[in-house]
Amino acid sequence: MEGKVGFPEVRLRRLRRTEGLRRMVRETRIGVDDLIYPLFVISGSRIKQPIQAMPGIFRFSLDELSPEIEEVSNLGIPAVLLFGIPEMKDELGSGAYDMHGIAQEAARKIKKVNPELVVIADVCLCEYTNHGHCGVVVGGEVDNDKTLELLASTALSLAKAGVDVVAPSDMMDGRVAAIRKCLDQNGYMMIPIMSYAVKYASAFYSPFREAVDSAPQFGDRRSYQMDPANVREALREVEQDIWEGADIIMVKPALPYLDVISKVRDHFNHPLAAYSVSGEYSMVKAAAARGWIDEREIILEILTAIKRAGADMLITYHAKEVAKWLSNL
Ligand code: PBG
């Protein structure tokens with residue numbers, strides 16, 4: 001740099017003067033292609049049940065699913081993230097790897113309505129176990145290695161049902177490798193793994209646990225999900241998952257963890273997704289309902305911030321409303 005250049009020659013406000021200029025120098029944009037919409041599917045029929053703490057979000061039975069899929073598709077949202085709520089829960093979460101389980105049937109149904117819509121399936125046992133933990137419980141603890149086999153079977157059954165991507169969210173060590181191996185051995189070598197690589201033991205998940213009825217019946221998830229205080233450990237988690245074969249990395253929650261997103265972006269070249277979770281959504285909706293915030297502006301600012309931090313993909317319950325705003329509907 002030659003000499004010292006500053007005010008009054010330099011005026012940073014020059015490029016902020018009109019919306020036209022601001023558009024030209026804008027560094028981060030969110031577009032409909034960034035969005036992934038989570039979807040809750042429940043067994044039974046004629047169910048479109050609102051989730052109390054998540055206004056605008058519902059649990060759908062299979063026969064009620066088509067209009068939702070059509071709406072998401074018409075809005076141009078490229079992908080949904082699928083969660084199943086089974087009729088029966090048991091000790092080993094057998095509904096998760098049932099060939100005709102709720103998520104498997106939902107995947108088949110979605111593919112019938114719109115084969116182009118990318119179906120990402122959450123792979124975890126917690127929605128399917130009666131104790132609500134993400135794995136097999138042995139002697140009061142979640143047994144890592146016993147869980148791996150069940151997660152691999154879950155991923156395989158979902159691949160067979162036609163999902164495009166599997167997304168393990170259980171936080172067991174070694175699960176990406178176990179899933180990759182099982183998929184490859186069965187001819188599903190082209191199914192990518194989106195790994196919830198960095199998943200914190202977060203209080204922001206509580207509305208989701210109401211949605212899928214998966215609150216742990218004893219203890220908590222701190223022995224497998226990450227301590228919110230740690231960031232170096234997040235990089236180790238990502239390193240392991242990439243080494244085991246993850247194709248897409250995820251950080252979750254999003255807004256309280258922008259520093260983590262940013263560090264992961266700096267250290268790794270894999271596509272990066274951020275999951276703006278249920279509690280983040282509920283807080284915005286609750287404040288907006290009281291007229292305390294400008295809902296639209298807040299949502300767009302939050303998602304822009306998550307993308308600015310380094311996320312390529314935004315998993316958000318706001319996806320439909322954002323898609324509408326982006327296309328001026
Ligand atoms: C399943 C899972 C959870 C979420 C996504 N997958 C809950 C949990 O770990 O308790 C949370 C999503 C959200 O809060 O929106 N393991």
Side-chain angles (χ1 to χ4, degrees), residues 35-41 51-59 80-86 89 93 95-97 101-103 120-129 131-137 142 144 147-148 150-151 154-155 158 163 165-172 175-176 179 193-228 237 248 250-257 273-286 302-303 306 313-320:
L35 302 171
I36 300 174
Y37 188 56
L39 204 58
F40 298 109
V41 184
I51 297 159
Q52 283 293 315
M54 302 176 72
I57 306 295
F58 298 84
R59 317 203 265 189
V80 291
L81 174 58
L82 191 59
F83 296 96
I85 305 132
K89 303 189 187 233
Y97 37 91
I102 182 64
I120 308 169
D122 185 84
V123 173
C124 195
L125 301 186
C126 67
E127 298 106 285
Y128 302 91
T129 52
H131 45 70
H133 278 289
C134 301
V136 179
V137 174
V142 176
N144 192 87
T147 303
L148 297 183
L150 302 184
L151 293 169
T154 302
L158 289 161
V163 308
V165 180
V166 291
S169 68
D170 52 281
M171 290 301 278
M172 297 302 119
R175 92 292 200 178
V176 173
I179 290 171
I193 299 177
M194 172 191 265
S195 165
Y196 288 67
V198 183
K199 180 174 179 182
Y200 287 93
S202 172
F204 285 88
Y205 306 149
S206 55
F208 173 95
R209 292 180 188 164
E210 172 208 323
V212 304
D213 183 25
S214 72
Q217 297 304 300
F218 66 90
D220 53 39
R221 302 210 204 290
R222 288 171 210 266
S223 77
Y224 41 106
Q225 298 180 347
M226 279 183 58
D227 184 336
E237 279 287 359
I248 300 171
M250 191 201 299
V251 172
K252 171 188 178 192
L255 190 58
Y257 296 87
Y275 194 153
S276 183
V277 300
S278 55
E280 297 177 55
Y281 178 87
S282 300
M283 292 196 305
V284 169
K285 287 291 173 189
I302 289 173
L303 295 178
I306 296 169
M313 289 160 244
L314 304 168
I315 305 170
T316 172
Y317 299 97
H318 296 295
K320 286 198 312 186

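All values below were derived from every heavy atom in this structure, side-chain atoms included, with hydrogens, water molecules and symmetry-related copies excluded. As the structure is a computational prediction, the values presented were derived from the model and not from experiment. Just follow the structure's listing: the first ligand is 1, and inside any ligand the first atom is 1. The chain is numbered in sequence order, starting from 1.
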Check each atom of ligand 1 against the heavy atoms of [X] and keep those under 4.0 Å away; list them by number with element.
X    : result
K252 : 2 (C), 3 (C), 4 (C), 5 (C), 6 (N), 11 (C), 12 (C)
C126 : 1 (C), 16 (N)
D122 : 6 (N)
S169 : 1 (C), 2 (C), 6 (N), 16 (N)

* Asked: Nearest protein heavy atom to atom 16 (N) of ligand 1, by residue and atom, and its distance?
  -> K199 NZ, 2.9 Å
* Structure fact -> atom 15 (O) of ligand 1 sits nearest the protein heavy atom Y317 OH, 2.6 Å
* **Cation-pi geometry met for K199 and Y275 (6.0 Å, 45°)** => no
* To do: Could you tell me whether ligand 1 has any atom less than 4.0 Å away from a heavy atom of F83?
  =>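 F83 counts as a contact of ligand 1 under the 4.0 Å cut-off.
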* Touching ligand 1 at all, M171? Heavy atoms, strictly under 4.0 Å? -> no
* Asked: Which part of D170 is near ligand 1, with near meaning a heavy atom under 4.0 Å away: side chain, backbone, both or neither?
  -> neither
First locate atom [atom1] of [X], then atom [atom2] of [Y], and finally report the distance between them rounded to the nearest 0.5 Å.
X    : Y    : atom1 : atom2 : result
S169 : M250 : OG    : CE    : 7.5 Å
E280 : H318 : CD    : NE2   : 8.0 Å
R59  : L39  : CZ    : CG    : 13.0 Å
I315 : M194 : CD1   : CE    : 4.5 Å

[X] side chain to [Y] backbone, donor-acceptor under 3.5 Å:
X    : Y    : value
S278 : F204 : yes
R175 : P168 : yes
Y317 : S276 : no

* Just go through F208, Y281, Y275 and tell me whose heavy atom is the nearest to atom 7 (C) of ligand 1. => F208
* **Options A211, G279, S206, S278, ranked by nearest heavy atom to atom 14 (O) of ligand 1, top entry** => S278
* Sub-3.5 Å N/O-N/O distance, Q225 and ligand 1 -> yes
* Asked: Mind checking whether R209 has an N or O less than 3.5 Å away from an N or O of ligand 1?
  ->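 Yes - when backbone and side-chain N and O of R209 are compared with those of ligand 1, one distance drops under 3.5 Å.
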* Structure fact -> Note: L125 and A96 closest approach over all heavy atoms is CD2-CB, 3.7 Å
